[in-house]
Enquirer: 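After the structure tokens below, expect a handful of questions from me.
All heavy atoms count here, side chains included; hydrogens, waters and symmetry mates do not. All figures in this text were calculated on a predicted structure; none of them were measured in a lab.
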Amino acid sequence: MISVSTYYNTYTVVLMVIFLVLILFHAFSVSANSFSATESLTISSNKTILSRSEIFELGFFNPPSSSRWFLGIWYKKVSTRTYVWVANRDNPLLNSSGTLNISDNNLVIFDQSDKPVWSTNLTEGEVRSPVVAELLDNGNFVLRHLNNTNNNPDGFLWQSFDFPTDTLMPEMRLGWDHKTGRDRLLRSWKTPDDPSSGDFFTKLKTKGFPEFYVCSKDSIIYRSGPWNGVRFSSSAETKPLDYIIYNFTATNEEVSYSYLITKTNIYERVRLSSAGLLERLTWIEAAQSWKQLWYSPKDLCDNYKECGSYGYCDSNTSPICNCIKGFGPGNEQPWTLRDDSAGCVRKTRLSCDGRDGFVRLKKMKLPDTTATTVDRGIGLKECEERCLKDCNCTAFANTDIRNGGSGCVIWTGEIFDIKNFAKGGQDLFVRLAAADLEDKRTKKRNIILGLSIGVSILLLLSFIIFSFWKRKQKQSIAIPKPIVTTQDSIMNEVVI
């Protein structure tokens with residue numbers, strides 16, 4: 001018979017073995033959120049790095065039906081594997097032999113021959129030992145000095161947020177940094193299952209009135225429009241979300257766009273898909289899927305230069321391309337054949353003698369801002385006066401739509417890639433010759449004249465009706481007659 005003490009000793013040993021197995025399994029499967037120079041991350045160990053709150057995970061992965069391996073970051077708390085960053089996207093490991101180390105104060109991926117295939121490429125003068133790599137809860141993978149424990153971005157030696165792939169995440173900045181000379185852009189995956197660089201990428205115009213472009217190789221396919229103080233001009237119909245704070249910075253030191261999520265447990269990202277679609281996605285836990293909140297291009301009117309110069313696109317008209325007032329089709333035959341790229345031409349040349357004026361277009365996506373000058377210190381009236389004094393000025397608008405509008409942007413040369421919205425958008429003032437304005441002024445005078453005549457007739461009719469009614473009232477009032485009572489009449493009324 002087994003003694004009680006023997007039973008408890010056996011039980012204790014079993015518990016210790018289970019405890020050790022769990023520790024070893026944890027050690028070989030997942031490490032802490034930091035990574036030191038004495039550690040290594042290998043494909044064969046299946047080891048990963050977790051952010052402190054276990055929101056993101058970093059490790060090696062290989063796409064479906066592929067033997068190539070990549071180092072990437074994905075959401076840990078999202079059931080569908082969703083990658084947000086890839087290190088060696090254009091230099092994959094060709095088999096399952098690969099290692100991530102900190103070597104010479106750099107993060108380096110080595111292949112099976114100990115040949116580096118990817119590195120952070122910091123020079124020796126930029127860093128001092130010891131350094132540590134860490135995956136933060138916002139998904140940023142950083143290399144920092146060991147004593148920089150407060151995770152101040154200014155103290156990072158290197159960060160993945162400076163080298164985005166196809167995804168923009170909260171707190172990540174997209175755009176240009178003068179201090180580092182770095183232009184942070186998005187580039188799509190080649191295919192949905194191939195993270196190598198695809199054909200589509202974003203580009204930021206930093207001069208004048210900044211805006212983003214989505215390009216395919218050497219061609220622009222979509223334009224965001226400039227930032228108007230609230231949103232990009234092309235997003236006029238997008239419903240704002242109270243838990244997202246948008247930020248656009250345009251200074252001599254930096255031109256960038258970023259956003260911040262103010263609620264916890266909301267996972268949201270902006271992605272440039274392998275098909276060239278720029279989209280904002282949010283994770284719906286109940287549906288266990290990503291929901292598309294916004295995307296572009298949506299329709300033909302989002303295509304760059306769809307209606308050519310001085311034409312504007314309206315998806316609610318047929319055809320969708322229309323000429324601005326004072327302009328006509330540049331080539332009648334292509335417009336008849338629904339080829340609107342030829343755009344529109346002026347009916348009357350500008351005089352530039354003070355007689356020119358402006359037509360006001362409402363609810364518009366502002367034109368391409370390549371040829372613009374900006375003065376944020378003046379208002380709309382001063383902007384109009386400045387435009388009239390410049391013979392090359394073709395249009396103007398406010399730079400900021402908040403609080404009734406402020407600032408001034410002036411276009412010189414042809415204007416193009418304009419869109420009309422059903423709601424939202426902003427006013428654009430396009431310069432016209434006096435002769436083309438006369439038609440509008442004549443119509444206005446005719447309307448005023450017609451209204452004046454109509455009001456006069458209405459008043460005259462009212463007076464006539466009132467006079468007639470007054471006369472009838474007088475006639476209906478009878479003069480009372482005296483009552484004469486005779487004795488005969490009294491007797492006739494008495495009946496016995």
Enquirer: Does W85 use its side chain to pair, donor to acceptor, with the backbone of F163 at less than 3.5 Å?
Expert: yes
Enquirer: Between S233 and L366, is there a donor-acceptor pair closer than 3.5 Å when you use the side chain of the first and the backbone of the second?
Expert: yes
Enquirer: Less than 4.0 Å between a side-chain N and a carboxylate O, is that true for D368 and K305?
Expert: no
Enquirer: Any donor and acceptor pair, going by atom type alone, linking the side chain of S216 with main-chain N or O of S219 inside 3.5 Å?
Expert: no
Enquirer: C383 vs C408, test: disulfide (SG to SG under 2.5 Å). Steps then yes/no.
Expert: CA-CA 6 Å; C383 196; C408 169; 2.0 Å; yes
Enquirer: Salt bridge between E134 and R52, side-chain N to carboxylate O under 4.0 Å?
Expert: yes
Enquirer: Can you tell me if E171 and N140 form a side-chain donor-acceptor pair at under 3.5 Å?
Expert: no
Enquirer: Is the closest basic N to carboxylate O distance between R271 and E279 below 4.0 Å?
Expert: yes
Enquirer: Is it true that atom NZ of K77 has more than 12 heavy atoms of other residues, nucleotides or ligands lying nearer than 6.0 Å?
Expert: yes
Enquirer: Could you tell me which non-hydrogen atom of W74 sits nearest to which non-hydrogen atom of L58, and how far apart they are?
Expert: CH2-C, 4.1 Å
Enquirer: Can you name the residues that form a side-chain hydrogen bond (donor to acceptor under 3.5 Å, both in side chains) with D427, not counting sequence neighbours?
Expert: R360
Enquirer: Have E211 and S224 got a donor and an acceptor in their side chains that come within less than 3.5 Å?
Expert: no
Enquirer: Would C313 and C307 count as a disulfide pair, i.e. SG atoms separated by less than 2.5 Å?
Expert: no
Enquirer: Are there over 12 heavy-atom neighbours, none belonging to K291, within less than 6.0 Å of that residue's NZ?
Expert: no
Enquirer: Has the side chain of R223 got a donor or acceptor atom that lies under 3.5 Å from a matching backbone atom of F212?
Expert: no
Enquirer: Please find the pair of heavy atoms, one from R184 and one from L174, that lie closest to each other, and give the distance.
Expert: O-CD1, 3.3 Å
Enquirer: Side chains of E254 and T251: donor-acceptor distance under 3.5 Å anywhere?
Expert: no
Enquirer: Using a cut-off of 6.0 Å, state whether more than 12 heavy atoms not belonging to N147 lie near its atom CG.
Expert: yes
Enquirer: Is the shortest distance from a Lys or Arg side-chain nitrogen in D302 or K419 to a carboxylate oxygen in the other one below 4.0 Å?
Expert: yes
Enquirer: Is any side-chain N of the basic residue among D400 and R402 closer than 4.0 Å to the acidic one's carboxylate O?
Expert: yes
Enquirer: Are Y83 and F61 close enough, and set up right, to give a ring pair (Phe, Tyr, Trp, His ring centres under 6.0 Å), and what steps lead you there?
Expert: CA-CA 10 Å; Y83 300 101; F61 73 95; 4.0 Å; yes
Enquirer: Between F248 and Y257, does the ring centre distance come in under 6.0 Å?
Expert: no
